[in-house]
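Attaching a single structure in structure tokens format; questions to follow.
This one's a predicted model, so the numbers in the text were calculated from it and none came from an experiment. In each ligand, atom 1 is the first atom listed, and ligand 1 is the first ligand listed.
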Amino acid sequence: MPFLFGPVPSRRLGLSLGVDLVKPKTCTFDCIYCEVGRTTVKTIDALPQPDMGSLFDELSNTLSRSRPDVITLAGSGEPTLCPEIGEIIKGIKAMTDIPVVVLTNGSLFWKDEVVNGCLGADIIMPTLSSTFEETFRRIHRPYASLSLERVLAGLTRLRSAYSGRIFLELMMLGGINDSAREIEGLSDAIKRIEPDRIQINTVVRPPAEPDALAVKPERLREIREHLGPGAEIIAGVSVPPGSSFRDSPGEKIIETLNRRPITLMDLAGLTGLPYEETDALVRGLLFKGLIEKREFNGEIFFTGKGYVKE
Ligand code: SF4
């Protein structure tokens, strides 16, 4: 599997070139809402070093053909498990002035090496869903020794060590962490973590487990009002059209669907091609058995054959 995917338009970052630093599906968590499917390798230990030469060759090749708004370390698992993350950020910075973003579940910032590794990033985007241990464990099904206390201490520590921007994602799940008590707890934690932005999200794609339910838009708006002017809702915001799929659109569609399920409408936005043309491409890929379709919340999503949902 290649290291890079995209560039694809992202709801939070503009045109984003993704760098996948871990194999699917390796993570410190096994979130019930995960759109990449269930975790197959759950660990908090650093993974073997990736092939840095291939990664930088691929990157330089892609950057010679396109100019994304950001380069995002993310993908099919937790990128801070990669022990070379600091070297990779340094290498990207030596190659280009495009901002580097770390999209992380935020679970490992109690480790010095993880904080130090991420210091060179322009934006760090961790997730927080609860300040109650029981809810945290229900949502994230973390590695056994990974406590919420450790995670929260790590996020506070990150803020004091890191001078770049932190965009904190709050992942809200209907009937699990959207009560007044939960929001009050998150509000207190936010005061300690001091993120530059608070981004409220909910389930918008097929989750790993059926009990991961989306929070209704009215409730998301109430939560945003409670959290104040620094908070914004990102769930349901559609991605702007892009043009990065003009070369080999079928291949790019498969690459993207191997990482996450997407609706036909969003795929049309991603490809920047007319809806009918995207529809025809998707039908062709389905006919050849290269992608599959699934239903979630009354909507049809497409996934690639390399997608790891079980
Ligand atoms: S949502 Fe993110 S943190 Fe949670 S299991 Fe999936 S990849 Fe890991």
Ligand 1 atoms in contact with Y33 (distance to a heavy atom under 4.0 Å):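 It comes down to these atoms of ligand 1: 1 (S).
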Salt bridge (Lys or Arg N to Asp or Glu O under 4.0 Å) partners of residues 162-187, not counting sequence neighbours, each pair once: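 Every pair satisfying salt bridge (Lys or Arg N to Asp or Glu O under 4.0 Å) with a residue in residues 162-187: R12-E169.
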Please report how many protein N/O/S atoms lie under 2.8 Å from atom 8 (Fe) of ligand 1.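 Protein heteroatoms (N, O, S) closer than 2.8 Å to atom 8 (Fe) of ligand 1 number 1.
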Intermediate values then yes/no, salt bridge (charged side-chain N to carboxylate O under 4.0 Å, His left out), R137 and E133: CA-CA 6 Å; R137 301 200 91 76; E133 184 74 34; 2.6 Å; yes
Run the ring-centre check on F56 versus F3 and record whether the distance is less than 6.0 Å.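 Ring centres of F3 and F56 not closer than 6.0 Å.
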Quick one: ring pair (Phe, Tyr, Trp, His ring centres under 6.0 Å) pairs with a partner in residues 161-211, sequence neighbours left out?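 Every candidate ring pair (Phe, Tyr, Trp, His ring centres under 6.0 Å) pair involving residues 161-211 fails, so no pair, neighbours aside, qualifies.
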Other cluster members, F132 - Ile/Leu/Val/Met/Phe/Trp/Tyr, side-chain contacts below 4.5 Å: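 Besides F132, the cluster holds no residue at all.
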Got a second to check how far N201's CG is from L173's CG, nearest 0.5 Å?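 Rounded to the nearest 0.5 Å, the CG-CG separation comes to 9.5 Å.
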For S76 and D20, which heavy atoms make the closest approach, and how far apart are they?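 It is OG-OD2, 2.8 Å.
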Please indicate, with yes or no, if any protein heavy atom is found under 4.0 Å from atom 2 (Fe) of ligand 1?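 Given the 4.0 Å cut-off, atom 2 (Fe) of ligand 1 does not count as touching protein heavy atoms.
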